[in-house]
Amino acid sequence: MHRFLIPLVLLLMSFTPARAEPLTIVASFSIIADMAEKIGGPRVTVASLIPRATDPHVFQPSPNDARLLQSAQIIFINGLGLEGSVERLIASTGQSKKQVVLSKKITPLHLVENGQDHGEDPHAWHDVRNAKLYSEAIRDALILADPQGREDYNQRAQDYLQALDALDAEIRRDLASIPPERRVIVTNHDAFHYFARAYQITMLAPQGVSTETEPSARDIARVIKQIRAQKIPAVFLENVADPRLMAQISRETGAKIGNPLFTDSLSVENGPAPTYIDMMRANLASFTKALRP
Ligand SMILES: [Zn+2]
């Protein structure tokens, strides 16, 4: 694919617009696009490169995406290997200077299996405290790019951080109603390790941290054995993953299938998880509904 042949005219068109124009933000995927919208407010326009309800692990950019990056003044990405194809596109189109990696201040988890380190786990946003660090990074980048909006960005960020504190408290309170031995999330891929660490819940997934590789028969058998041994009441589907695997595990163990979880993407605008906060609430409701006795 030829992402190097961006016409000079596009480069010239991407020069700083008039001050009255909103700041043009491109986010790699829908969850951080939502955060940027909440903190930027009317001073920004935000586009998400990876659309809603799309798996970021296997996303393939198009030539239109290269043009979108050219038009951006700031590019927000998650980092930690989540959006490899987007990072390669940013580098190949010469846009690295605009890139802000939102996970920089978090403490990354590593997935270690059989003593082998499989690298950093990118799904940091499932711990609301990390979402607060993302929000602060967004606020700081917006102020740097548009100092006249400082007061506005500070105020909006403060309101959003307060809403995130309330969300964090709500998750802790609701999960406390599930007995500890039933606090287990069985789902396709390892998207909930940060959630598990933050909120004292166990995570069980046959597929690993990326959806790029298929789970092995051995991985599936391991999960089935554990569900039977622990009498885990439910397994969950994900909005970005193939439902057949969990259907198979459900059939073989008798665990029921809970409502679909949102892991790596928001739902469509009029769906059940149009914003980050809605997404976390929808997942919380699915957990409590399926796991409470
Ligand atoms: Zn994922």
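If you read the sequence from its start, that first residue is 1, and numbering goes on from there. Remember, it's a predicted structure, so these values are computed and weren't measured experimentally.
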Exercise. Is there any salt bridge (charged side-chain N to carboxylate O under 4.0 Å, His left out) pair reaching into residues 245-254, and which pairs are they, with sequence neighbours excluded?
Worked result: none
Problem set entry | Check: S28 and E87 side chains under 4.5 Å, non-hydrogen atoms | no
Problem set entry | Residue pairs fulfilling salt bridge (charged side-chain N to carboxylate O under 4.0 Å, His left out) with at least one residue in residues 44-54, sequence neighbours excluded | R52-E269
Exercise. Got a sec, which pairs hit ring pair (Phe, Tyr, Trp, His ring centres under 6.0 Å) with one end in residues 61-113, sequence neighbours left out?
Worked result: none
Exercise. Which residues pass the side chain to side chain donor-acceptor pair (under 3.5 Å) test with Q230, sequence neighbours left out?
Worked result: Q226
Problem set entry | Aromatic ring proximity Y194/H126, centre distance under 6.0 Å | no
Problem set entry | For A198, all residues meeting side chain to side chain contact (heavy atoms under 4.5 Å, CB included), sequence neighbours excluded | D127, R129
Exercise. For N259, what residues pass the side chain to side chain donor-acceptor pair (under 3.5 Å) criterion, not counting sequence neighbours?
Worked result: none
For this session: Please go through V223's hydrophobic cluster and name the other residues, only I, L, V, M, F, W, Y counting, with side-chain heavy atoms under 4.5 Å joining them.
Result: V184, V186, L204, I220, I224, I227, I232, V235, L237, L245, M246, I249, I257
For this session: Output all residues satisfying side chain to side chain donor-acceptor pair (under 3.5 Å) with S265, sequence neighbours left out; order by chain, then residue number.
Result: none
Problem set entry | A72 backbone acceptor or donor facing K98 side chain under 3.5 Å | yes
For this session: Compute the centroid of each ring, for Y276 and then for F262, and state whether the two points are separated by less than 6.0 Å.
Result: no
Problem set entry | With sequence neighbours excluded, residues passing side chain to side chain contact (heavy atoms under 4.5 Å, CB included) with D278 | P274, T275
For this session: Would you check, one step at a time, whether the test ring-ring contact (aromatic ring centres under 6.0 Å, His included) holds for W125 with F29?
Result: CA-CA 12 Å; W125 57 89; F29 76 125; 5.1 Å; yes
Exercise. Considering residues at least two apart in sequence or located in another chain, which fulfil the side chain to side chain contact (heavy atoms under 4.5 Å, CB included) criterion with D219?
Worked result: P206, S216, R222
Problem set entry | With sequence neighbours excluded, residues passing side chain to side chain contact (heavy atoms under 4.5 Å, CB included) with R182 | I178, P179, P233, P293
Problem set entry | R173: side chain to side chain donor-acceptor pair (under 3.5 Å) partners, not counting sequence neighbours | none
